[in-house]
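Read the structure below first, then the notes.
Model, not experiment: these values are computed from the prediction.
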Amino acid sequence: MKIDKILDSVNVAEDLDKDQLIKIGRQVCEGFDTDISSRKPWEKDLESWTKLALQISDTKTFPWTGAANIKYPLLATAAMQFAARAYPTLVPSNGQIVKCRVAGFDPNGEKEARAHRVSVHMSYQVMEQMDGWEEDMDKLLISLPIAGTCFKKTYWDSAKQKNCSKLILPKYLVVDYDTRCIEDAERVTEVIYISPRKVKERMNQGIFLDVELGEPSGTDPLAYDRVNTAFQIGTGGDDQTTPYAFYEQHTFLDLDEDGYAEPYIVTVEADSQKVVRIVPR
């Protein structure tokens with residue numbers, strides 16, 4: 001494919017043949033499995049930190065079975081105090097979330113006036129047009145001191161036709177454990193759960209390829225035991241709201257066959273390994 005055609009395409013997957021899509025789908029899933037295996041020790045630590053913050057008391061077997069097990073809310077208290085201090089700084093009461101900085105000379109004050117207009121408009125977008133932005137920021141500031149990291153994803157939603165921003169907990173964003181910086185990662189995968197109704201909606205809008213995905217199995221790709229672990233809302237097929245699990249992977253592909261892999265976002269259904277969307281990034 002020519003690079004110009006790729007850049008103009010709404011969904012590059014529509015222009016690829018079946019064998020190419022199968023190869024790409026398998027590559028995405030294998031990359032995800034490799035990355036998630038590399039971070040297994042961290043996942044166990046995260047589970048311990050979460051239990052400590054939630055004050056979940058497990059039955060003790062040492063020094064004897066049924067020994068006293070007292071949990072003090074030290075981590076939970078520290079997390080709430082951190083959030084209480086950080087929130088008014090990042091989300092001030094005057095609504096000025098975005099603050100543009102003027103760079104270079106500005107003798108007539110034109111840059112400063114423009115920066116003010118941009119700041120006011122973007123603050124309005126964040127607080128009024130992005131549904132759930134403020135609630136997600138509140139959750140982020142509670143989760144951050146417990147998990148050590150959190151992510152905000154800001155993007156144009158083709159289905160809603162507007163800018164969106166959502167919180168992504170570190171459990172659902174998978175990179176190789178040795179990655180030092182997200183920007184330098186060769187592969188970044190977000191695990192997304194979408195109900196069958198919304199999947200069909202995206203297919204009707206041309207956002208996803210109209211392919212047969214079968215019934216959602218209800219198996220969680222982030223579970224330790226994927227074969228025997230299912231979503232709480234259903235086990236696949238019995239409940240129409242049981243979601244599909246998708247991998248939205250930022251990766252590199254050489255679709256124009258010039259010997260150099262360019263950056264793309266590939267969306268793959270986890271169970272069937274079928275590609276539903278490819279867009280350049």
Any side-chain hydrogen bond (donor to acceptor under 3.5 Å, both in side chains) pairs touching residues 105-126, not counting sequence neighbours? none
Remaining members of hydrophobic cluster (4.5 Å side-chain criterion), I56: L54
Tell me whether L173 shares a hydrophobic cluster with L169, the cluster being built from Ile, Leu, Val, Met, Phe, Trp, Tyr side chains joined at under 4.5 Å. yes
Check: D254 side chain, A261 main-chain N or O, donor-acceptor pair, under 3.5 Å: no
Candidate list K162, K160, K166, test side-chain hydrogen bond (donor to acceptor under 3.5 Å, both in side chains), partner D131, passing option: K162
P263: what forms a side chain to side chain contact (heavy atoms under 4.5 Å, CB included) with it, not counting sequence neighbours? F252, R281
Is there a path of hydrophobic side-chain contacts, each under 4.5 Å between heavy atoms of I/L/V/M/F/W/Y residues, joining L209 to I22? no
For the pair T34 (side chain) and E30 (backbone), establish whether a donor and an acceptor sit closer than 3.5 Å, ignoring hydrogens and angles. yes
Is there a donor-acceptor contact under 3.5 Å from the side chain of N11 to the main chain of I278? yes
So, S143 side chain and K139 main chain: donor-acceptor pair closer than 3.5 Å or not? yes
Mind running side-chain contact (heavy atoms from CB on, under 4.5 Å) on D136 and S165 for me, showing each step along the way? CA-CA 9 Å; D136 277 355; S165 181; over 6 Å; no
Please name the residue in the list D176, T179, D35, T251 that meets the side-chain hydrogen bond (donor to acceptor under 3.5 Å, both in side chains) test with R187. D35
Would V266 end up clustered with I182 when hydrophobic side chains under 4.5 Å apart are linked, directly or stepwise? yes
Would I168 and K152 count as a side-chain contact (heavy atoms from CB on, under 4.5 Å) here? Give the steps. CA-CA 6 Å; I168 302 178; K152 288 296 290 288; over 6 Å; no
Among pairs that include at least one residue of residues 255-269, which meet side-chain hydrogen bond (donor to acceptor under 3.5 Å, both in side chains), considering only residues two or more places apart or in two chains? E269-S272
Please write out which residues are connected to W42 in a hydrophobic cluster, directly or through intermediates, given that two of Ile, Leu, Val, Met, Phe, Trp, Tyr count as joined at side-chain heavy-atom separations below 4.5 angstrom. L46, W49, L52, L75, I146, Y177
For residues P170 and C150, report the shortest heavy-atom separation together with the two atoms involved. CD-SG, 4.0 Å
Should K40 and E43 be marked as a salt bridge (Lys or Arg N to Asp or Glu O under 4.0 Å) after you check the CA-CA gap, both sets of side-chain angles, and the distance that decides it? CA-CA 5 Å; K40 285 298 182 184; E43 287 184 349; 3.6 Å; yes
If you group Ile, Leu, Val, Met, Phe, Trp and Tyr by side-chain heavy-atom gaps below 4.5 Å, do F82 and M80 land in one group? no
Would you call E201 and K198 a salt bridge, using N to O less than 4.0 angstrom? no
Checking one residue: L74. Which other hydrophobic residues are in its cluster under the side-chain 4.5 Å linking rule? I70, Y72
Hey, are E215 and Y244 close enough side-chain-wise for a donor-acceptor pair under 3.5 Å? no
Just checking F105: does its CZ atom have more than 12 heavy atoms from other residues, nucleotides or ligands closer to it than 6.0 angstrom? no
How close do G218 and T242 get, counting heavy atoms only, and between which atoms? CA-CG2, 3.9 Å
P243 side chain near P216 side chain, heavy-atom distance below 4.5 Å: no
Is it the case that over 12 heavy atoms from other parts of the model lie below 6.0 angstrom from the CH2 atom of W156? yes
Take atom CE of M122 as the centre, draw a 6.0 Å sphere, and report whether it contains more than 12 heavy atoms from other residues, nucleotides or ligands. no
Show, in sequence, the C-alpha distance, side-chain angles and deciding distance for V174 and F32, and conclude whether the side-chain contact (heavy atoms from CB on, under 4.5 Å) test is met. CA-CA 7 Å; V174 180; F32 171 83; 3.6 Å; yes
Using modelled atom types only, decide if a donor and an acceptor are shared between the side chain of R277 and the backbone of E248 within a distance under 3.5 Å. no
What are the two closest heavy atoms between C164 and D157, and how far apart are they? SG-CB, 3.6 Å
